[in-house]
Amino acid sequence: MSEFSDEKHAEPLALFGGKKDWSADDWTASDDRVRGGKSQSYLDASDKKIGRFYGNLDIKTLGGAGFASQRTTGDDREYDLSKYAGIELRIAKGDKKRYTFIFKDERLPPNPENGREQATISYEADFELPPQTVPGDAHDRYVSIPFKSLNPTYRGKLKKDAQPLKTSSIKRMSIMMRSFFGTQEGDFSLSIRSITAVAKAPEHNDPLLSIQANERKLEAGTMLEAVDEQDARYYSCRAGIWPVHVNLRVHKHVVTALICVLGWYVGHKVATWYLIR
């Protein structure tokens with residue numbers, strides 16, 4: 001992909017899987033239960049060669065929102081990926097739902113008032129597995145995520161003035177399943193062979209896939225930090241055939257106004273037709 005830098009020449013670095021066995025101790029759940037939700041996520045590494053991220057996304061409890069995620073463990077853990085231009089996920093098997101991969105380069109101590117983790121900037125990328133038009137699971141796919149393509153967010157909002165991700169001191173990585181404005185829910189499963197830091201896009205027979213939405217706002221309630229509901233009330237619809245995806249975000253009040261105008265127009269036409277009969 002063009003967003004990978006050809007100036008970097010480091011050999012691929014296995015972060016999880018590949019030359020380094022998966023371990024469940026490297027991951028821990030971070031689900032919407034901290035906000036009163038009922039979603040659950042797990043990381044099964046019993047195979048050692050595959051890490052299976054799976055669980056159930058509940059969106060009814062929180063009124064259409066919800067999230068389930070696994071994040072790396074260890075408050076003192078730090079990843080220096082400054083010699084690399086991005087990461088690659090090698091997927092063994094996965095459903096066709098949309099996932100989010102997240103990086104953090106800063107951690108703050110827990111809030112002394114409530115014990116919760118304090119908000120810091122998240123750097124995110126969304127992805128789906130092709131082909132979206134074919135029913136059933138996808139097998140043996142690669143997902144490419146260049147660092148330059150990440151969307152910085154803070155408290156659920158896109159933060160356009162954020163500094164680039166400090167790849168020399170990445171403190172945390174997460175993989176998340178969320179409702180995307182109520183468009184997905186239920187069981188999910190993503191079996192990952194490896195997560196590898198790469199200096200440039202590897203060549204594969206299968207195309208790499210990474211879906212970005214630079215203009216999107218995150219849905220209400222999907223992050224641990226508070227989200228402004230007025231800024232987060234967006235509807236989402238996706239159209240098109242992979243690899244072309246069209247994402248549309250329309251504010252709730254705009255939708256309401258359009259429905260009212262359409263209703264008035266149809267009513268006016270019906271009344272006119274009735275009077276001239």
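- Every residue meeting the side-chain hydrogen bond (donor to acceptor under 3.5 Å, both in side chains) condition with Asp161, not counting sequence neighbours, appears here in chain and number order: Lys159.
- With sequence neighbours left out, Tyr99 forms a side-chain hydrogen bond (donor to acceptor under 3.5 Å, both in side chains) with Asp95.
- Cluster membership for Ile192 and Tyr54, using ILVMFWY side-chain heavy atoms within less than 4.5 angstrom, is not shared.
- Looking at residues two or more places apart in sequence or on another chain, you find no ring pair (Phe, Tyr, Trp, His ring centres under 6.0 Å) involving Tyr123.
- Annotation: the span from Ile195 atom CD1 to Lys20 atom NZ amounts to 10.5 Å, rounded to 0.5 Å.
- For the pair Trp22 and Leu43, the minimum side-chain heavy-atom distance is below 4.5 Å.
- Between the side chain of Lys96 and the main chain of Val134, a donor-acceptor pair closer than 3.5 Å is present.
- Cation-pi geometry between Arg178 and Phe67 is not satisfied (NZ or CZ under 6.0 Å from the ring centre, within 45° of the ring normal).
- Pairs engaging residues 184-199 under the salt bridge (charged side-chain N to carboxylate O under 4.0 Å, His left out) rule: Lys60-Glu185, Asp140-Arg193 [sequence neighbours left out].
- The CD atom of Glu106 lies 7.5 Å from the CD1 atom of Ile121; values are rounded to the nearest 0.5 Å.
- The shortest side-chain heavy-atom distance between Val143 and Ile91 falls under the 4.5 Å cut-off.
- Partners of Ala29 by side chain to side chain contact (heavy atoms under 4.5 Å, CB included), not counting sequence neighbours, listed by chain and number: Asp31, Ser41, Gln70.
- Considering only heavy atoms from C-beta on, Ile102 stays 4.5 Å or farther from Ile175 through its side chain.
- Here Tyr84 and Phe147 keep their ring centres 6.0 angstrom or further from each other.
- Take Arg90 and apply the salt bridge (Lys or Arg N to Asp or Glu O under 4.0 Å) test, not counting sequence neighbours, and it matches no residue.
- Scanning for side-chain hydrogen bond (donor to acceptor under 3.5 Å, both in side chains) contacts around Lys93 gives an empty result, with sequence neighbours left out.
- Judged as a salt bridge (charged side-chain N to carboxylate O under 4.0 Å, His left out), the pairs with a partner in residues 44-53 (not counting sequence neighbours) are, in order, Asp21-Lys49.
- Counting heavy atoms from C-beta on, the side chains of Asp126 and Asn151 never come closer than 4.5 Å.
- Expressed to the nearest 0.5 Å, how far CZ of Arg35 lies from CZ of Arg33 amounts to 15.0 Å.
- Applying the salt bridge (Lys or Arg N to Asp or Glu O under 4.0 Å) rule to Arg71 yields no partners; only residues at least two apart in sequence or on another chain are considered.
- Residues Asp25 and Thr73 fail the side-chain proximity criterion, which asks for heavy atoms closer than 4.5 Å.
- Arg77 meets the salt bridge (Lys or Arg N to Asp or Glu O under 4.0 Å) test with Asp26; sequence neighbours excluded.
- For the atom pair Leu165 CG and Ser122 OG, the distance stands at 10.5 Å (nearest 0.5 Å).
- Put simply, NZ on Lys166 and CD on Glu78 are 10.5 Å apart, with the number rounded to the nearest 0.5 Å.
- In this structure, the side chains of Tyr142 and Leu89 stay at 4.5 Å or more apart for every pair of heavy atoms.
- Screening Asp58, Thr61, Asp32 for a side-chain hydrogen bond (donor to acceptor under 3.5 Å, both in side chains) involving Ser39 leaves a single residue, Asp32.
- In this structure, CZ on Phe188 lies 10.5 Å from CE on Met176, to the nearest 0.5 angstrom.
- Under the 4.5 Å side-chain criterion, counting only non-hydrogen atoms from C-beta, Ile87 is not in contact with Thr196.
- Applying the side chain to side chain contact (heavy atoms under 4.5 Å, CB included) criterion to Thr72, with sequence neighbours excluded, gives Phe16, Trp27, Tyr79, Arg172, Met173.
- Residues passing the salt bridge (Lys or Arg N to Asp or Glu O under 4.0 Å) test with Lys97, sequence neighbours excluded: none.
- If you chain together hydrophobic residues whose side chains sit under 4.5 Å apart, Leu129 and Ile50 never meet in one group.
- Checked against the 6.0 Å centroid criterion, the rings of Tyr42 and Phe53 do not qualify as a close aromatic pair.
- Minimum heavy-atom separation, Ala125 to Ile145: CB-CG2, 3.7 Å.
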Between Glu88 and Arg141, is a salt bridge (charged side-chain N to carboxylate O under 4.0 Å, His left out) present by the stated rule, with each step listed?
CA-CA 10 Å; Glu88 179 188 72; Arg141 294 289 181 175; over 6 Å; no
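- Ser69 contributes no side-chain N or O that, together with a main-chain N or O of Ser174, makes up a donor-acceptor pair within less than 3.5 Å.
- Minimum interatomic distance between Ala199 and Ala85 (heavy atoms only, all atoms of both residues): O-CB, 3.3 Å.
- Under the 3.5 Å distance criterion, the side-chain polar atoms of Glu124 are left unmatched by any main-chain donor or acceptor of Thr100.
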